[in-house]
Amino acid sequence: MHKSSRLPEPAADELAHSERLLQHLRETIAAHGPIPFSQYMERCLYAPGLGYYSAGKTKFGEAGDFVTAPELGELFARCVVHAVQPVLAMLGSDADFLELGGGSGSFAEAALLTLAENGVLPRRYLILEPSADLRERQQERLTAGLPAEVMARVAWIDRPPEHNWRGILFANEVIDALPTTRFVMRHGEVYEEYVALDGEARLMRVDRPADALVAGAVRHVERDLGRHFDDGYRSEILPQLPYWMQAIAGSLEAGVMLFIDYGYVRREYYLPERQDGTLMAHYRHRAHSDPFHLPGLNDLTASVDFTALAEAGNSAGFGVAAYLPQAHFLIAAGLQDVFEHAYERAADDAARYSLAQQVKKLTLPDQMGERFQAMLLARGLPALPLPAELLAADQGGRL
């Protein structure tokens, strides 16, 4: 793994921050021995006060490390609302909307304004946000951007609802940030990637025989693909995904979950030629492949195996209602109308240009249009009131 020499140099305070996390990791490894890569990723992203998501720094938008779809503007959120609004209407006045990981709050703001405009506000708009720093920013943004009576419906929660509830669960770029397990094949056996220290206390990769959970998950994928992975093949897997899904969605007795993320169906995810997996690090809008470069300052992500997501949904009692690339999803959810409506109201040429750029980024194949996929999972509904165009564009057969 080589870090790119073209990456920007961190400032002194950033270096000091990364060094503190590195020290924490060194102490953990020195005390307990090598740690699974998933635990390393979890610490890098979420260690209190030190992880990428839990320490104060601009992560989203132009000044951050990556741009998520909601950060581009309101078109994305308006399309999502168009897609799921009929479900809210069907469920009636006690329906809630739960967003997992609220980012900068831009999605919630645009979605709530659209729902208010259309007269289908949920009873509560819940944001499950583990990062105190991001939660504070979301609160500031929504308080400033929403009418008081709409803001009154917004609440932040620390864990998924324990009581049964009905409504919509929405997760944009959440699964890719779940701490992933890395595995590698050696002599036909499954090994798991761990993080250790070399003689100079630098982070290094070591492989150890996998436990039953990880080995079982890899063997399940092999059986499903109808072939064995070659020796030396390295990739990612989320053996905990069914448990995670049950934890976040077990109490959603009636409604729809919408996941949008970058990824593939299983047979594309585990192509023989993709022999080092999909793990990526993002540092100030530059993607690179060295997860050990400046821990705590990089976002670490792995693509999503959407077949595994469907299996996890099924095991939690949900059926796949639709699966399709983001571009097809947005177009089926009324992107054309949403764009025209916004274009007519745009203040000036700059605003109109920005709207056109949003559409390109969201839908072009070399941008987000094909790399990102949308999956809708449903449970407990007498019928599926999704837009007909959306159901017609379903590619669930590819799963």
**Message:** Do Leu324 and Leu391 land in one hydrophobic cluster if side-chain heavy atoms of ILVMFWY residues count as linked below 4.5 Å?
**Reply:** yes
**Request:** Inspect the contact between Arg345 and Glu74 and indicate whether a charged nitrogen and a carboxylate oxygen are less than 4.0 angstrom apart.
**Result:** yes
**Exam field: side chain Gln240 to backbone Pro179, donor-acceptor pair closer than 3.5 Å** = yes
**Item:** Parallel, tilted or perpendicular: rings of His288 and His293 (30°, 60°)
**Value:** perpendicular
**Request:** Kindly determine whether Tyr323 and Phe306 satisfy ring-ring contact (aromatic ring centres under 6.0 Å, His included), including the steps that lead there.
**Result:** CA-CA 9 Å; Tyr323 167 73; Phe306 274 91; 5.4 Å; yes
**Request:** Show the numbers, then the answer: is there a side chain to side chain contact (heavy atoms under 4.5 Å, CB included) between Tyr40 and Phe292?
**Result:** CA-CA 10 Å; Tyr40 168 77; Phe292 299 152; 3.5 Å; yes
**Request:** Say whether Ser303 and Arg371, considering side chains only, have a donor N or O and an acceptor N or O under 3.5 Å apart.
**Result:** no
**Asked** Tyr194 and Met204: same hydrophobic cluster, using ILVMFWY side-chain contacts below 4.5 Å?
**Response** yes
**Message:** Do Tyr269 and Thr278 have side chains that approach each other closer than 4.5 Å (heavy atoms only, starting at C-beta)?
**Reply:** yes
**Message:** Tell me the closest heavy-atom pair linking His17 and Gly49, and the distance in Å.
**Reply:** CE1-O, 3.5 Å
**Prompt:** Do the side-chain N and O atoms of Tyr262 and Gln373 include a donor-acceptor pair separated by under 3.5 angstrom?
**Reply:** no
**Asked** Does Ala374 offer a backbone N or O that forms a donor-acceptor pair with the side chain of Asp261 under 3.5 Å?
**Response** no
**Request:** Please lay out, stage by stage, how Asp349 and Tyr353 fare under the test side chain to side chain contact (heavy atoms under 4.5 Å, CB included).
**Result:** CA-CA 6 Å; Asp349 282 347; Tyr353 175 77; over 6 Å; no
**Item:** Side-chain donor-acceptor pair present, Asp299, Tyr53, cut-off under 3.5 Å
**Value:** yes
**Prompt:** Does Tyr264 have Arg274 sitting over its ring (NZ/CZ under 6.0 Å from centre, angle to axis within 45°)?
**Reply:** yes
**Request:** Begin with the C-alpha distance, continue with both residues' side-chain angles, and end with the deciding distance and a verdict on side chain to side chain contact (heavy atoms under 4.5 Å, CB included) for Ile237 and Thr180.
**Result:** CA-CA 6 Å; Ile237 198 158; Thr180 188; 5.8 Å; no
**Asked** Should the pair Arg135-Glu140 be classified as a salt bridge under the 4.0 Å nitrogen-to-oxygen rule?
**Response** no
**Item:** Chi angles and distances behind the side chain to side chain contact (heavy atoms under 4.5 Å, CB included) call for Phe259, Leu377
**Value:** CA-CA 8 Å; Phe259 293 93; Leu377 295 148; 3.7 Å; yes
**Request:** Give a yes or no on whether the backbone of Pro8 and the side-chain of Arg284 come within a donor-acceptor separation of less than 3.5 Å.
**Result:** no
**Item:** Asp94/Arg123 ion pair, N-O < 4.0 Å
**Value:** no
**Presence of salt bridge, Arg186 and Asp207, under 4.0 angstrom** = yes
**Prompt:** Between Phe183 and Tyr191, is the gap from one ring center to the other below 6.0 Å?
**Reply:** no
**Prompt:** Could Arg166 and Asp96 be called an ion pair, given the rule that one side-chain N must be under 4.0 Å from one carboxylate O?
**Reply:** no
**Message:** So Leu197 and Pro34, do their side chains get closer than 4.5 Å, heavy atoms only?
**Reply:** no
**Request:** Identify whether NZ of Lys or CZ of Arg in Arg153 sits under 6.0 Å from the centre of the six-membered ring of Tyr125 and within 45° of that ring's axis.
**Result:** no
**Message:** Quick check against the 3.5 Å criterion: does Thr307 have a side-chain atom that pairs as donor or acceptor with the backbone of Arg266?
**Reply:** yes
**Prompt:** If we only count heavy atoms from C-beta on, is the Pro242 to Glu311 side-chain gap below 4.5 Å?
**Reply:** no
**Prompt:** Among Ile260, Val338, Val359, Leu335, whose side-chain contact (heavy atoms from CB on, under 4.5 Å) with Leu330 holds?
**Reply:** Leu335
**Asked** How close do Val214 and Ala210 get, heavy atom to heavy atom, and via which atoms?
**Response** CG1-CB, 3.9 Å
**Asked** So if you build clusters from Ile, Leu, Val, Met, Phe, Trp, Tyr with side-chain heavy-atom gaps below 4.5 Å, do Phe318 and Leu258 land together?
**Response** no
**Asked** So, are Glu193 and Arg234 salt-bridged, with charged N and O less than 4.0 Å apart?
**Response** yes
**Smallest separation among heavy atoms of Ala171 and Val174, with atom names** = CB-CG2, 3.8 Å
**Request:** Could you verify whether a donor N or O on one side chain and an acceptor N or O on the other, from Glu236 and Thr181, lie under 3.5 Å apart?
**Result:** no
**Request:** Report the residue from Arg141, Gln138, Arg137 that forms a side-chain contact (heavy atoms from CB on, under 4.5 Å) with Ser104.
**Result:** Arg141
**Prompt:** Val84, Val320: one ILVMFWY side-chain cluster at the under-4.5 Å cut-off?
**Reply:** no
**Request:** With rounding to the nearest 0.5 Å, note down the distance linking CZ in Phe97 to CD1 in Ile127.
**Result:** 10.0 Å
**Request:** Kindly compute the distance separating CE (Met375) from CE (Met257), expressed to the nearest 0.5 Å.
**Result:** 10.0 Å
**Message:** Grouping I, L, V, M, F, W and Y whenever their side-chain heavy atoms are under 4.5 Å apart, do Met41 and Leu178 come out in a common cluster?
**Reply:** no
**Message:** For Phe107 and Phe76, take the angle between the two ring planes, folded into 0 to 90°, and tell me which bin it lands in: parallel under 30, tilted 30 to 60, perpendicular over 60.
**Reply:** perpendicular
